[in-house]
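Taking it in order: structure first as structure tokens, then the write-up.
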Amino acid sequence: MSGLFENDRNYLLADAELEIIADRDKLAQWRHKGFGPAYYKIGRKIIYRGCDLNAWVEAQKIDPGKMRAL
């Protein structure tokens with residue numbers, strides 16, 4: 001997969017592209033629970049790096065062909 005997000009870009013919560021993963025409330029819940037993509041917290045701002053988002057999305061991949069072998 002080439003990546004859903006631009007690797008060298010910073011994404012803020014206001015960026016609509018983050019809706020691919022989850023809405024703002026769900027991302028906040030995940031951060032609180034220690035789940036979800038890596039992020040930076042600078043003051044009150046939450047910043048996601050595109051490369052971290054792509055890595056997290058790739059880790060969520062489910063390959064049904066491999067599941068049948070189990």
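Hydrogens, waters and symmetry mates are skipped; everything else that's a heavy atom, side chains included, is used. Keep in mind the model is a prediction, meaning the values are calculated, not measured.
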Given side chain to side chain contact (heavy atoms under 4.5 Å, CB included), test E6 with Y11 step by step and report yes or no.
CA-CA 9 Å; E6 296 175 39; Y11 292 87; 3.7 Å; yes
Side chain to side chain donor-acceptor pair (under 3.5 Å) against E17, all qualifying residues, sequence neighbours excluded
R9
Using the rule that two of Ile, Leu, Val, Met, Phe, Trp, Tyr join whenever any of their side-chain heavy atoms come within less than 4.5 Å, decide whether L18 and F35 are in one cluster.
yes
Any sub-3.5 Å donor-acceptor pair from N54's side-chain atoms to C51's backbone N or O?
no
Pairing residues for I62 by the side-chain contact (heavy atoms from CB on, under 4.5 Å) criterion, not counting sequence neighbours
M67
Do I47 and W56 belong together in a cluster built from hydrophobic side chains that touch within less than 4.5 Å?
no
Residues pairing under side chain to side chain donor-acceptor pair (under 3.5 Å) where one sits in residues 29-43, two or more places apart or in two chains, turn out to be K26-Q29, R31-Y48
Taking I20 as the fixed residue, which of V57, L4, L53 is the one that meets the side chain to side chain contact (heavy atoms under 4.5 Å, CB included) rule?
L4
Quick one: list whatever passes salt bridge (Lys or Arg N to Asp or Glu O under 4.0 Å) with D23, sequence neighbours left out.
none
Carefully, step by step, assess N10 and D15 under the rule side chain to side chain contact (heavy atoms under 4.5 Å, CB included).
CA-CA 10 Å; N10 293 327; D15 292 330; over 6 Å; no
What closest approach, in Å, do D52 and P37 show between heavy atoms, and which atom pair accounts for it?
O-CB, 4.4 Å
